[in-house]
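Inspection log for the structure reproduced underneath, given as structure tokens.
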Amino acid sequence: MKLSRLGSFHQSKLSFLRSFIREFKEWNYKRNLFDLDKSGYGTAVYSFEKKGRSYSLVCFAQHINPDERSDRVIATKWDAAFVLHDGTPSKLDIDRLRNNVPKQEVGRVSYKELTLSRANKSVRAFDHVVNSLSEGKQPDKELLKKVGYLYRTTAVYGSGKFGLADRFRIKDRKEIYGPFRLEMMLVYLVRQFTFDQVNHIAKSKNPNKAVMLNENIARNLGIGNSTGLGMAPFIVNHPTLLHNWIYCREKALKEIRSIKDVNQNDFDIFKDCFAKSKLTIDTWLTESQFQINKINSLRSDLGKFTIYLENDCSIKNNYMWNKIYLWVEENLGEECIEYIVSMMMEPYDKIIDPLINDMSSEEEKYFDIPAHRKVSELRKILENNYKLIIKINFKEKNSTTNFWFISKNKEEPRVANRYEEHGSELEQPLAIARDIKQLYEKVLKAKQTETIADFLLNNDEVRHVVRRAFIVEKFPYSEIQDNTIAASLVPIDMLRLKLSFFGAVKFDPRSDKWLRINMYQGAPLPHEMKLSNDTWVYNSLH
Amino acid sequence: MQSFSEIDTTSKRASKAAGFAWGVAEEIGKNMRNLEMFGLPGIKNLNLYLQKIKKTPTEKIKKIEKKNKPKLKEFCPIYCGTAFLDNCKKLETLKLIKFFNVSYPLLLLPFLSRASDIVGKKISIKYEKNNFLLNFDKTIFSNNINNVKVVSKAKEISIKFLENNNSFSLKEWKELYKLSEETFVKETDSSKKKGAGAGLTDND
């Protein structure tokens, strides 16, 4: 649970984009409304429906000036804004949403809406595609290879933000037991909107000559996303959810390593996915030296692994996967270890699918502190579960360099240097390692037979970490075992952890605090979902 | 309309800003969500209370006894609540607990509601002209649900753990049970012989 390891995770069969398509492939897709003007501005509605339940994406596309276009969450205008409505929106709903959704924080939505996002065009890709199609040509694949999408979203919001429905209203619906189902649905439908929009504009521009975007090209375009620090506190603030994600990954790995006789077909699936996935690495383009180093290390390790695979791996060996894993742990770096672990899951639907619904969580259930328990028990929990944390010396400046805060202007999480910037007195409770250490020191001095209730009467300031300690007792993977305020902190490691579980690819850090990624590249188009193959993620070659 | 998630987050942040520790502020966030979900004016009371303690700080309770009186000022309902919640299994044995001079007593309610769930007993609470019955943190019944008047101070609060007794007499139960028997089918000799376990001896 060290951050550098968590920040080396890759998409896998457990990832939410992939499990979403597996679970929703039998739903009926429909474009309900497409009311755009010649320039592609207007309203569109898309839906998924099954057995009387429907979810509708309402899209609003508008004109913005180039100088107004910014992917940062602090922007006030976007090329398009989207909201997922529960059911079929009435005209009144659409009018209400039109007056609110594009306005971002100023606008409000209702309990009838489930998720919300906004997006900007990748202007160079979008304009090129529109121009090419309007001239009767398909776009240049090389250019698209560099970008990978027509639109980039920023955050995808859910669970009550901006007045969206609280999770408790919908959590008992079986189709959304899996994690982030409605966020994944929104992004998937947004992707289709981007294709329809370029086709529409090209046709309007040159009705006689325009052609439709080739489906092979469309399929290999995803949706971009710019992700900043907002995701980092999420990981800290949802400990049981984090546990469930890591636990499922570990459980899958354990089961795979326990397979004594690996059959040829499964080994072939592994080798096929591995071979295809290696090709996609060439399309992971970034200017970040941090990421270039990671990719280079991955490439080098994959070279070593390929030789090992060809020369030393055979299904004739009992427990072949275990042997592979032990070799990988011994010989390769973190980035490649996690890559191979993801690959090892590919043949095993039977192991992976039952885990998917365990990747959600109800944090509320574990909120109450068992205050009748004794301080001595808390001490044991801390010593067993925070071994590395309680060894950190927080008197060293490097251990407390950063602090997390919420910006006043946009209410978004930020990180800053405590010794250079103002505001550390308003620090958010995200310095878990430091606060656990503080708790441990208090616990050592406290009467061991005292109850937690009595201990807390005089120690309010550590109440938040007492709660966490009792959570980690039940959920051992719920805590990042690292110092989130150290000088050495790389915040994007926290983002990548979450994004890899989403199923994002092409991590492209733009600094140590934000990055761009791609989602659904290679995914089946809506009309292809029913017949789709789960390994679509390895089919994208641009 | 604000979502309950927004109510939770904003209450938590406001409480931290007013001087509560993060862990206590987390409790307040959850409580405001619960109060508003139960249809009680949590935000209104919390807002007034946080404004008040800026100018007039309240007193933090040290330990909960059968009768609790503040030494100098009014009791803080939040600290009374956290102490009650943390000690609820022990306090249950006291059966009846009284607090005197508590600021904004409604803010104490959600802590007691959660305590009701933890100890598995209903709790009744009375102050001024308000009566509440807290049912395992699932519902809160009140005698004056439509009265939105804010009580800024309760001179006396009585809290009672209610034993898990039936709300009906044995006679009433028997009557109802007898009626329910009309859904049963009388077995024939033949069906008795073929039923589950028929013909076996359990002396094995």
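Quick note on labels: first sequence line is chain A, next is B, and so on, each numbered from 1.
Taken from CD in A/Glu461 to CH2 in B/Trp22, the straight-line distance is 15.0 Å, to the nearest 0.5 Å. With rounding to the nearest 0.5 Å, the separation of CG in A/Leu457 from NZ in B/Lys63 is 9.5 Å. In this structure, NE2 in A/His372 is found 9.5 Å from CD1 in B/Ile118, a value given to the nearest 0.5 Å. Rounded to the nearest 0.5 Å, atoms CD (B/Glu27) and CG (A/Asp460) are 10.0 Å apart.
Proximity to chain A (any heavy atom under 4.5 Å) is shown, for B/Phe20, by neither the backbone nor the side chain. Residue contact with chain B, scored on non-hydrogen atoms closer than 4.5 Å, is absent for A/Glu425. Proximity to chain A (any heavy atom under 4.5 Å) is restricted, for B/Lys62, to the backbone atoms N, CA, C and O. Using a 4.5 Å cut-off between heavy atoms, B/Ile61 contacts chain A through its backbone alone, with no side-chain atom that close.
For chain B, the option among A/Ile369, A/Leu456, A/Asp368 with the highest count of heavy-atom pairs below 4.5 Å is A/Asp368.
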Walk me through it: do B/Met1 and A/Val109 pass the test side-chain contact (heavy atoms from CB on, under 4.5 Å)?
-> CA-CA 8 Å; B/Met1 182 188 173; A/Val109 289; over 6 Å; no
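Scanning both residues, B/Gly23 and A/Arg467, for their nearest heavy atoms gives O-NH2, 3.0 Å. In plain terms, the two heavy atoms of A/Phe367 and B/Glu26 that are nearest each other are CZ-O, 3.5 Å. Scanning all heavy atoms of the two residues, the minimum distance from A/Arg463 to B/Asp86 falls at NH1-OD2, 2.8 Å.
Within 6.0 Å of NZ on B/Lys66 lie more than 12 heavy atoms contributed by other residues, nucleotides or ligands. No more than 12 heavy-atom neighbours from other residues, nucleotides or ligands sit within 6.0 angstrom of NZ on B/Lys126. Taking a 6.0 Å sphere around OH of A/Tyr111, one finds it holds 12 or fewer heavy atoms contributed by other residues, nucleotides or ligands. A 6.0 Å sphere centred on CZ of B/Phe184 holds more than 12 heavy atoms belonging to other residues, nucleotides or ligands.
With respect to the salt-bridge test (charged N to carboxylate O, under 4.0 angstrom), the residues A/Glu363 and B/Lys30 do not qualify.
Taking non-hydrogen atoms and a 4.5 Å limit, the residue list of residues 159-168 of chain A in contact with chain B, ordered by number, reads A/Ser159, A/Gly160, A/Lys161, A/Phe162, A/Gly163, A/Leu164, A/Asp166, A/Phe168.
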